[in-house]
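Remember, predicted model here, so these are calculated numbers, not experimental data.
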Amino acid sequence: MLELKNVEIYYGKIMVVRGLSLKVEEGEIRAILGANGAGKSTTLKTIMGYIEDQPEKGSIWFEEERIDGMKTEKIVPRGIAYVPEGREVFPELTVRENLMMGAYTRKDRDVDTDLVKVFDYFSVIKDRLKQLAGTLSGGEQQMLAIARALMSRPKLMILDEPSLGLSPLLVSEIFEIIRSINRAGTTILLVEQNARKALSIADHAFIMESGRIVLEGSPEKLSENEDVQEFYLGVRQETSVKGYQRYKRKKRWR
Amino acid sequence: MTSRKNNSVIPHALQVDQKNDLFILFFRRREAILPIANLLTWVGKDSETYRCLTMDMKRDYYEDIQLCKTRTALVLTIALFCCLMIIPFLLGDYNIYIVNLIAIHAIVAIGLNILVGYTGQISLGHAGFFAIGAYTSVLLMVKGGVPFPVALLAAGFVSAGFGFLLGLPSLRLEGPYLAIATLGFGMAVTQIISHWDFAGGHMGLAAPKMSIGPFVADTGLEQYAIIMSVAAIMTIAAINLMKTRVGRALVAIRDSEIAAEAMGVNVLKYKTLAFAISAFYTGVGGALMAFALAHISAGSFNLILSITFLAMIIVGGLGSIMGSILGAALLTYLQIKLQVIQEAPIVGPILLDISKRFFTAEGLPNIQSIIIGGIMIGIVIFEPLGMRGIYLRFKRYWRMWPF
Amino acid sequence: MNFFMDLIVGGLAIGACYALIALAMVIIYKTSEVPNFAQGEMAMLATFVAYTMMANYGAGFWTSVIITMVFAFALGALLEICFLRPAEDPGVLGAIVITLGAEMILYGIAGWKWGANQNPFPVPFSEYSGVTISGVVITEINFWTLTVSLAVMLILFLFFRFTKLGTAMKAVQQNPFAAKAMGIPTRRILTFTWGLSSMTGAIAGMLIAPIATLDPNMMLDPMLKGFAGGVLGGLTSLPGAAAGAYLLGIIENLFGGYVSLEFKSVVAFGVIVLILCVKPSGLFVKHYKRKV
Amino acid sequence: MKKRLKLALVLVVLSATLIPAQFGWAADKVRGVTDTEILIGQWGPQTGPAAAWGAVARGTGVFFDLVNEEGGIAGRKIKYFMRDDAYQPSKTKAIAKEFVENLGVFGVASGVGTSTGMAARDYLMENKVPWVGPATGSKHWSDPLQKYLFAVYPRYTDEASLLTQYLVEKLGKKKIAFFYQNDDYGKEGLEGAQNYAKRAGLQLAAEIPVEVTDTDLKSHALKLKESGAEAVILWILPKHAPIILGQAKAIGFEPQWVASSTLSDSHLMYKITKGLWEGVIYANFLNIESPLAKKYLEAQKKFAPNEQYTGIFFLAGFVFVEPMVEGLKRAGKDLTPDTFVKAMETIRNWNDWLGYDCTFTPQDHQGMKSTFISKCGPEGQQIKISDWMTYKGE
Amino acid sequence: MALLSIQNLWVSFGGLVALHGVSMDVEEGRIFSIIGPNGAGKTTIFNCISGIYKPTKGKVIFRDREITGKKSHYSAGMGIARTFQNIELFGHLTTIDNLLLGRHIHMKSGVFSGAFFFGKSFPAAREECHHREVVERIIEFLEIEAYRNSLVSSLPYGIRKLVELGRALAMEPTLLLLDEPTAGMNQEEKRDMMFWIRDIRDDFKVTIIMVEHDMNLVMDVSDEIMALNFGVKLVQGTPEQVRNDPQVLEAYLGRD
């Protein structure tokens, strides 16, 4: 459905993504994992056409159509919805207006049925249609952002760190919703730092480090990998650091 | 503040030339580039390039805040001073007058830059401080019989007092709201002065001659001596100030008010202080202007003047003392020279022809404001660092010249 | 009493002109946080176009108005495309400098093209006759100015409230990044915004020109007052800014009538500074403080 | 490589702008006078808020062209430098310096603006630069007497007194209001009106100031109406006239309007007030019906065919300088600042120009003191309703 | 008396109540963590301590002195340093200048002494040199030597977090408030941070209050934990107590 072929992205003069290729198949949830600065968000922004003149090299295909170099407003109507990192709602628009903006590119007038559909996933939102989005709590804003993206009836939904800054309970809830959206037929591409959660719902995952995909495969396969366990899943967490010998001796001041 | 240079010579070099410069690609690592860079460096080990490359060569913490960090800089500074000493003897009286204007505008631009560039507060009312400075000094001398140096200082301090007052609301206002408040201040000052009969009303006042003790500045040359010394002292003071505690606090307020306050910077105090310092500079500039003009009137301290000051620092470079001076020099020079653009060779006749064909011939002088407006926009679009940015670029280019 | 009412009517009439300029500025400020100092000159240039259409090409008033509106839209859009779009994130100060630069350029062009001469701007309604209601005169031009400004306000309000495009414009202002993700063509929206604002300003220009004379300096004072009025009411709220502008007109006239004519135009700024000290984002807007 | 090209380009442009600064003046015997040329400069606002007055400087240019065409003065042609000071005193001072130091002019002709002129006055006097006909009626030009400065424009004070006198004595108006621009120009007018009122034992009904920047004059109009004045004297800029007349008419206040000579271009005023100017009485010192005016306007068609505005201000550029040319002619071949001053001071009751009775004495450098009064007729015609009059104070 | 004592703190923003009468005491030398779901009011407590918000009701007492509603810079002068959730650095300054700003309260030079010095012996210059030395040591401690002269806006995220921490340390505070110190870090960096927090407490003799989402880190590092939910204090106690509290499990951790 979505395919990146050997993509190279520069940010200013610095190469951020080096020869990235990945594929998202229809009906799947795919996750990209990786630390800060690995180039995950940049990749997503490039797919969405945010970064001018990028990618420098390579191509991006969506449903047999080349979309790199296209403007965002041309990409969205083709069926990709993007939920940016950090709950980017329109704070001074009402919840309803926010949702309407999600349907901006749609020409048909049948928005109301979609609203009903969205309420199925997010019951909280229904009662708050007239409230300003800025007054919602963090979790509600994240839900609104996802709901808004749904309004464009996307074939593919791209989420950038939906769990960022949310409490464990809310994270579980949101991931549950993502899974049900997927079951209803929307393909999902997810970028996450919370590897544990992401792997629990993904069909296939990529691990990205400094602009490259270093590992990919099914969640099971990845979970078995030792490096992944150590650096992404924090498996040794149950034993406390208190008992550990520090591997780095810090210099003392004074 | 030219001291920013050492942070980024290497990264810049890498960034700019990465794609098309093979040389850099081969030697991406710092150690590899070192010997070659050494060769390139035209003044050897004392150059900053060298220091940046070796990083830990710092011998003394004082170097960070030293006026002239390297021997090159020292030599250049001395050379500059010599130039300033010689220039007046080479120029005619008219050109000295222009240089005087530039020096005065440079003082104001530095002051405005401290407020706008360093502290991040907008002001469209600096003509008001300029007027306050001019009137204070002249009134003190004419009506109070105060000697010139005292009047000059008093102009600065009175102006600073008003700056302090204007700074008070600035704690809560930002962006266009502050712009309109300062704009209103500037207009109010002009209006009040022009109706104040004691200050000569609309007609203005004749300024006496500058004098320090028995030395009376009669000619442009003597005025130059006084104005230039004041300008030099104030420039050095500004450079020093911006490198130490107060200057840092001001920049902190610009970058993040909340964090600055959390560091123990009293935002109210420092914002009003920034206004006061800025007004002090502008007031002194205004006082000098009064003596350079020999006659002041309220009408000349208008909004256009405030905008011109702002344009100077934008064109020169925000947050840069050197930029302020460059901007003041360029705009002052242009404003005077563009008046006679129709007399310029080649360009003049062409413009006149265009005017006659598509516009009106008598409207041609309006091209001044078109050009200055164009420069302002161009700078913001293409070189947000202003002339200082161009200078830095040029310097880097010069270093890498053979390649 | 009549004197008082006359002052109020006068205040409302000039306030309506200020309000149109304030509205024009708010439209731009709302979508891109650019305080447009070129607004006055844009209006002045458009008014000159209308004048030229009538004086040199013998076009009728309404034809000229329509042509002028088209020109104003094009001018606004052009300024956005040429001057603001290429600047990457100029910040408030950069934006102010760009618009000041644009102001100087437009002013220069007008002076170059039309010279400094004063010209009368004819309108098909009378500047000094009208209806008298219990001794208070409301001239035709006053009436039209008030009506037009209210109508423009209403149209803009409805536009922003109920149309998809209007909501999208608000969305672009609040979060351009997210707006882009919705597939909203942010750049085109901004260009459109400038066009719309320029048209609103042009209406103001054509209403101010008949009571004054048409020359390149015509809009200097009204523009500052309109801006000040907008700031007084709050630059992020259309009705707020308009109300602020009306208020400014009335304050000015009352001050001029009862206290001092000399400081009439300065008092406005004094009042504004005082009000801003209490309400830093204007009278009708809630002050927004950044969260950490 | 591109960058270096750019740099070179910048240098070329810079040096191009520098060049005009370079043509200097070699030390002559007398500054600004050669065997074939007399150098004369003038500043005037061609841009900025006062740009409308720039016409004066352009008029002077045409006048000098005419003089040159007619053979110049004592074998010399006038070389004329016109500079734009945008009504900014600091620029005016710079221009004065440029005139003296760089161009080395013999004298300065006219020059618009009081505050701008004041910024340059002392400097010009110190350098012995003869200056004739500053284009305002300020009393500061001739009081105190400056040796090298000759004022032509009748004083505002005299003009205002005269107008008030005319209103009271000829038209029998008792309640007179004064509407003035709140600066030196307006205040000097007010002073004149007050002078006469005091002498006649009258009180002005109202003294209403207007700021240069004001656009909305409703409250001014209301205050004028409140005063119940039968006549209102306007000492304002042309741009304010249509506003105040319109606002006054709107509130049903239609007194006898009286205007200063600054508003004496009746065609222009009729046009911009859309006809309201008809019936307005105004002072005038420029004899537009004189055959000379016709000749001058023909010269304009020849030398400045593109000039859009050829009204009173344009002709004012001639009238302020006519005495200067006369003085130059009288000084003859041996031209120095001092001989020029001497020659100027021989001009007595001279009438061969657009003005009237030009007289300079060593004690008094106010050349013209007379004005006449006109009325604006239908379609903006100027109807002369009085002879030349001179105000005689105590 | 505790080093910091918060008594019955209420905060509301235009009708929206963010804190419902929260009280807490922090003893000297401890690492005290505040946990809770988003919007529970954790950062609000910080903002009240450091003087950014003015509480509607209640008291904040620090070293036996009431600092309720006092401005930020006042509490900073009292010895309270903090970091921010979304990094509030001075982007146009270099790392070293950012850290020097931390020394602001310990420096004295004013406008005149700052403007006029012409050699090493002038007081402003001496002071400047002295504090640069101090800052240099913090740079060493945090191992950010390589970034000393870089503009902080050009630094990677993790380093910026460190610089911000260093800046707070430069203030030589008595109390250090860390707002999500590991947000956006990977496991390795988080582990480093854990060590650092302990080191800082031990080496600098600082009391630390932190807001953190990473339960592992919180449980490991803290001496005491307070859990908040919707502005209401749920429980306060040792990590074990909090971990097993049914209310906390319900509201925050969730039952897996």
Side-chain angles (χ1 to χ4, degrees), chain B residues 116-117 120 122 124 166 168-169 171-188 190-192 194-195 256-259 262 303 307 310-311 314-315 318 355 358-382 384, chain C residues 25 29 33-35 37 82-84 86-116 216 220 224 227-228 230-232 235 262-263 265-274 276-278 280-282 287 290 292:
Chain B
V116 179
I122 294 170
L124 287 176
L166 185 60
L168 288 178
L171 187 68
R172 301 197 62 188
L173 303 181
E174 53 187 18
Y177 296 91
L178 186 59
I180 208 79
T182 50
L183 187 146
F185 166 80
M187 289 176 66
T190 319
Q191 198 76 352
I192 289 167
S194 67
H195 293 128
S256 167
E257 219 171 279
I258 292 169
L303 179 61
I307 293 176
L310 200 60
I314 298 288
V315 169
L318 283 176
S355 302
F358 305 105
F359 297 90
T360 52
E362 65 259 33
L364 180 59
N366 282 293
I367 205 155
Q368 294 170 47
S369 74
I370 297 179
I371 291 176
I372 290 176
I375 290 177
M376 283 162 72
I377 294 177
I379 286 280
V380 177
I381 293 177
F382 299 112
Chain C
M25 298 190 82
Y29 190 78
E33 307 224 325
V34 174
F37 279 87
C82 295
F83 294 158
L84 279 125
E88 282 169 31
D89 191 25
V92 178
L93 184 67
I96 287 182
V97 171
I98 289 182
T99 56
L100 280 174
E103 189 251 320
M104 291 172 80
I105 291 179
L106 295 179
Y107 182 79
I109 288 176
W112 198 4
K113 173 76 199 168
W114 287 284
L220 289 182
L224 286 181
F227 184 28
V231 166
L232 180 66
L235 271 181
E262 298 186 343
F263 296 101
S265 33
V266 182
V267 74
F269 292 101
V271 170
I272 285 164
V273 172
L274 288 182
L276 288 183
C277 288
V278 188
S281 295
H287 186 51
R290 196 165 69 95
V292 278

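The residue among B/I372, B/I307, B/I377, B/I192 with the most heavy atom pairs within less than 4.5 Å of chain C is B/I377. Between chain B and the options C/G230, C/A95, C/A228, C/G111, heavy-atom pairs under 4.5 Å are most frequent for C/G111. When each of C/G108, C/A116, C/G94, C/P216 is scored by its heavy-atom pairs under 4.5 Å with chain B, the top score falls to C/G108. Among C/L220, C/V92, C/I96, C/L93, the residue making the largest number of heavy-atom pairs under 4.5 Å with chain B is C/L93. Among C/W114, C/F227, C/F37, the residue making the largest number of heavy-atom pairs under 4.5 Å with chain B is C/F227.
Heavy atoms of C/A268 lying under 4.5 Å from chain B are absent altogether. When heavy atoms are compared at a cutoff of 4.5 Å, B/A179 approaches chain C solely by way of its side chain, counted from C-beta outward. Contact of C/V278 with chain B is made through the backbone alone, with heavy-atom distances under 4.5 Å. B/L168 does not touch chain C: none of its heavy atoms, backbone or side chain, sits under 4.5 Å away. Using a 4.5 Å cut-off between heavy atoms, B/P169 touches chain C through backbone and side chain atoms alike. Contact of B/L303 with chain C is made through the side chain alone, with heavy-atom distances under 4.5 Å. The part of C/I272 that comes within reach of chain B is its side chain, from C-beta onward, which places non-hydrogen atoms under 4.5 angstrom from that chain.
Residues C/P280 and B/Y177 are not in side-chain contact: their nearest non-hydrogen atoms beyond the backbone lie 4.5 Å or more apart. For the pair B/I180/C/L276, a side-chain contact is recorded, criterion being any heavy-atom separation below 4.5 Å from C-beta on. C/I109 has its side chain out of reach of B/N366: every pair of non-hydrogen atoms, C-beta onward, lies at least 4.5 Å apart. Counting heavy atoms from C-beta on, the side chains of B/F185 and C/V273 never come closer than 4.5 Å. B/M187 is listed as a side-chain neighbour of C/L224, based on a closest heavy-atom distance under 4.5 Å.
Nearest heavy-atom pair across C/P86 and B/I381 is CB-CG2, 3.6 Å. Contact detail for B/Q191 and C/E262: the closest heavy-atom pair is NE2-O, 3.1 Å. Across C/I105 and B/I370, no two heavy atoms sit closer than the pair CG1-O, 3.6 Å.
Remark: C/W112 CH2 to B/I367 CD1 distance equals 3.5 Å, nearest 0.5 Å. For the atom pair C/L100 CG and B/M376 CE, the distance stands at 5.0 Å (nearest 0.5 Å). With rounding to the nearest 0.5 angstrom, the OH atom of C/Y107 is 11.0 Å from the CD atom of B/Q368.
Remark: the backbone N or O of C/C277 is paired with a side-chain donor or acceptor of B/R172 at under 3.5 angstrom.
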